[in-house]
Novice: 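One structure follows; several queries about it will come next.
Since the structure is predicted, the reported quantities are computational estimates derived from the model, not experimental observations.
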Amino acid sequence: MKIKIIALGKIKEKFLQSGIEKFLKRLTPYAQVCVVEVPPLEIKDENLTDKILNQEGEKILSYIKPSDFVITMEIKGKEFSSEEFAQKIEGLTNSGTAEIVFVIGSSCGIGRNVSDRANLKMSMSRMTFLHEFARLILIEQIYRAFKIIKGETYHK
C-alpha cells in the first residue's frame, strides 16, 4: 500500500519532527509512506481567505492522481474510532486502491477545490488541533491501523 500525506507548511518543533520520524520509520514494514510539504500562502486580507485556500488547493491537487483515494482532514468530516479507521484502510487495500492520499490543510483549512476532490472527509476529533499536531496524530493512527489489521500488539 502506498500512502501520501500532503500537508501545508513545515514542522518547526523538534519534538514533533522526532515523533513523526519515529512513526514513519515504524510504518515501513506495512506501507510506503511519503510526506509532501506544500508551502502555505500568506493571507494578508481575511476577505481573500477563500481565494488563497483555492490557490493552495491547486498546488495540493497537482500531487493527486485521478486514481488516488483522497481523504481530507476537515472539522466537519466523519469521525472514526481507531478500529473503524483500520477497517477503512483494510477495505481500501483489499479493494485494490493503489494509493491513499491524506490532506492536512493550514490553520485556515483547505480550499473548496480540494474538499470537492475528496473521496472521504475525515475529522480527528471535535477538538481543534494545531495542524502540526494533526500530522503526528494522523501518522500515529495510520501506524495503529496497520497494527490492528495485522492483529499485532500495540493497540491497547
Novice: Indicate, with yes or no, if Val103 and Phe133 share a hydrophobic cluster defined by side-chain heavy-atom contacts under 4.5 Å among Ile, Leu, Val, Met, Phe, Trp and Tyr.
Specialist: no
Novice: Indicate yes or no: does Glu37 engage Arg135 in a salt bridge with an N to O separation below 4.0 Å.
Specialist: yes
Novice: For Glu56 and Val38, what are the C-alpha separation, side-chain angles and deciding distance, and is it a side chain to side chain contact (heavy atoms under 4.5 Å, CB included)?
Specialist: CA-CA 8 Å; Glu56 288 175 343; Val38 176; 5.8 Å; no
Novice: Compare every heavy atom of Ile11 with every heavy atom of Gln17, then report the nearest pair and how far apart it is.
Specialist: NE2-O, 2.7 Å
Novice: Apply side chain to side chain contact (heavy atoms under 4.5 Å, CB included) to residues Ile64 and Arg117 and explain how you reach the verdict.
Specialist: CA-CA 9 Å; Ile64 297 172; Arg117 170 57 181 88; 3.7 Å; yes
Novice: Calculate, to the nearest 0.5 Å, the distance between atoms NZ and CG belonging to Lys51 and Leu48 respectively.
Specialist: 6.5 Å
Novice: Would you mind reporting whether Lys59 and Leu41 have side-chain heavy atoms less than 4.5 Å apart?
Specialist: yes
Novice: If you count heavy atoms of other groups shown closer than 6.0 angstrom to CD1 of Ile75, is the number above 12?
Specialist: no
Novice: Would the distance check show the side chain of Lys65 and the main-chain N or O of Glu99 forming a donor-acceptor pair, the cut-off being under 3.5 Å?
Specialist: no
Novice: If we only count heavy atoms from C-beta on, is the Leu138 to Met124 side-chain gap below 4.5 Å?
Specialist: yes
Novice: If you round to the nearest 0.5 Å, how far is CZ of Arg26 from NZ of Lys22?
Specialist: 4.5 Å
Novice: Measuring only between side-chain heavy atoms, which start at C-beta, is Ile100 closer than 4.5 Å to Lys2?
Specialist: no
Novice: Is a side-chain N or O of Glu132 found less than 3.5 angstrom from the main chain of Glu13, in a donor-acceptor match?
Specialist: no
Novice: If you measure from NZ on Lys150 to CD on Glu90, what distance do you get to the nearest 0.5 Å?
Specialist: 8.5 Å
Novice: Is any side-chain heavy atom of Ile3 less than 4.5 Å from a side-chain heavy atom of Phe102?
Specialist: yes
Novice: Check step by step if side chain to side chain donor-acceptor pair (under 3.5 Å) holds for Ser82 and Gln141.
Specialist: CA-CA 7 Å; Ser82 294; Gln141 285 297 302; 2.8 Å; yes
Novice: Could you state whether Phe129 and Met73 fall into the same hydrophobic cluster, counting links through intermediate Ile, Leu, Val, Met, Phe, Trp or Tyr residues with side-chain heavy atoms under 4.5 angstrom apart?
Specialist: yes
Novice: Would you check if Ile43 and Cys108 make a side-chain contact, meaning some heavy-atom pair closer than 4.5 Å?
Specialist: yes
Novice: Measure across Ile6 and Tyr63 and return the closest heavy-atom pair with its distance rounded to 0.1 Å.
Specialist: CD1-CB, 3.6 Å
Novice: For the atom pair CD1 (Ile71) and CD1 (Ile104), what is the distance rounded to the nearest 0.5 Å?
Specialist: 11.5 Å
Novice: Is it true that Glu84 and Lys88 make a salt bridge, defined as a side-chain N closer than 4.0 Å to a carboxylate O?
Specialist: no
Novice: Can you classify the ring geometry of Tyr30 versus Phe146 as parallel (below 30°), tilted (30 to 60°) or perpendicular (above 60°)?
Specialist: parallel
Novice: Does the side chain of Leu136 reach to within under 4.5 Å of the side chain of Phe15, using non-hydrogen atoms?
Specialist: no
Novice: May I ask whether Ile60 and Val70 are part of the same hydrophobic cluster, defined by side-chain heavy atoms of I, L, V, M, F, W, Y residues being less than 4.5 angstrom apart, directly or through others?
Specialist: yes
Novice: Would you say the side-chain atoms of Thr93 pair up with the backbone N or O of Ile89, donor to acceptor, closer than 3.5 Å?
Specialist: yes
Novice: When hydrophobic residues are tied together by side-chain contacts of less than 4.5 Å, even through go-betweens, does Leu27 share a cluster with Ile5?
Specialist: yes
Novice: Please assess Lys25 against Glu21 for the test salt bridge (charged side-chain N to carboxylate O under 4.0 Å, His left out), listing each intermediate value before the final yes or no.
Specialist: CA-CA 6 Å; Lys25 185 175 181 181; Glu21 289 168 9; over 6 Å; no
Novice: Do the side chain of Asn54 and the main chain of Arg112 share a donor and acceptor less than 3.5 angstrom apart?
Specialist: yes
Novice: For Ser123, is there any backbone N or O sitting under 3.5 Å from a side-chain donor or acceptor partner on Glu74?
Specialist: no
Novice: Flag the pair Phe85 / Ile142 as yes when at least one side-chain heavy-atom distance between them is below 4.5 Å, and no otherwise.
Specialist: yes
Novice: Is Phe23 linked to Met122 within one hydrophobic cluster, defined over Ile, Leu, Val, Met, Phe, Trp and Tyr using a side-chain heavy-atom separation of less than 4.5 Å?
Specialist: yes
Novice: Say you draw a straight line from CZ of Phe69 to NZ of Lys4; how long is it, rounded to the nearest 0.5 Å?
Specialist: 15.5 Å
Novice: When rounded to the nearest 0.5 angstrom, what is the spacing between CG in Leu16 and NZ in Lys10?
Specialist: 15.0 Å
Novice: Any non-hydrogen side-chain atom of Ser106 less than 4.5 Å from a side-chain atom of Leu53?
Specialist: yes
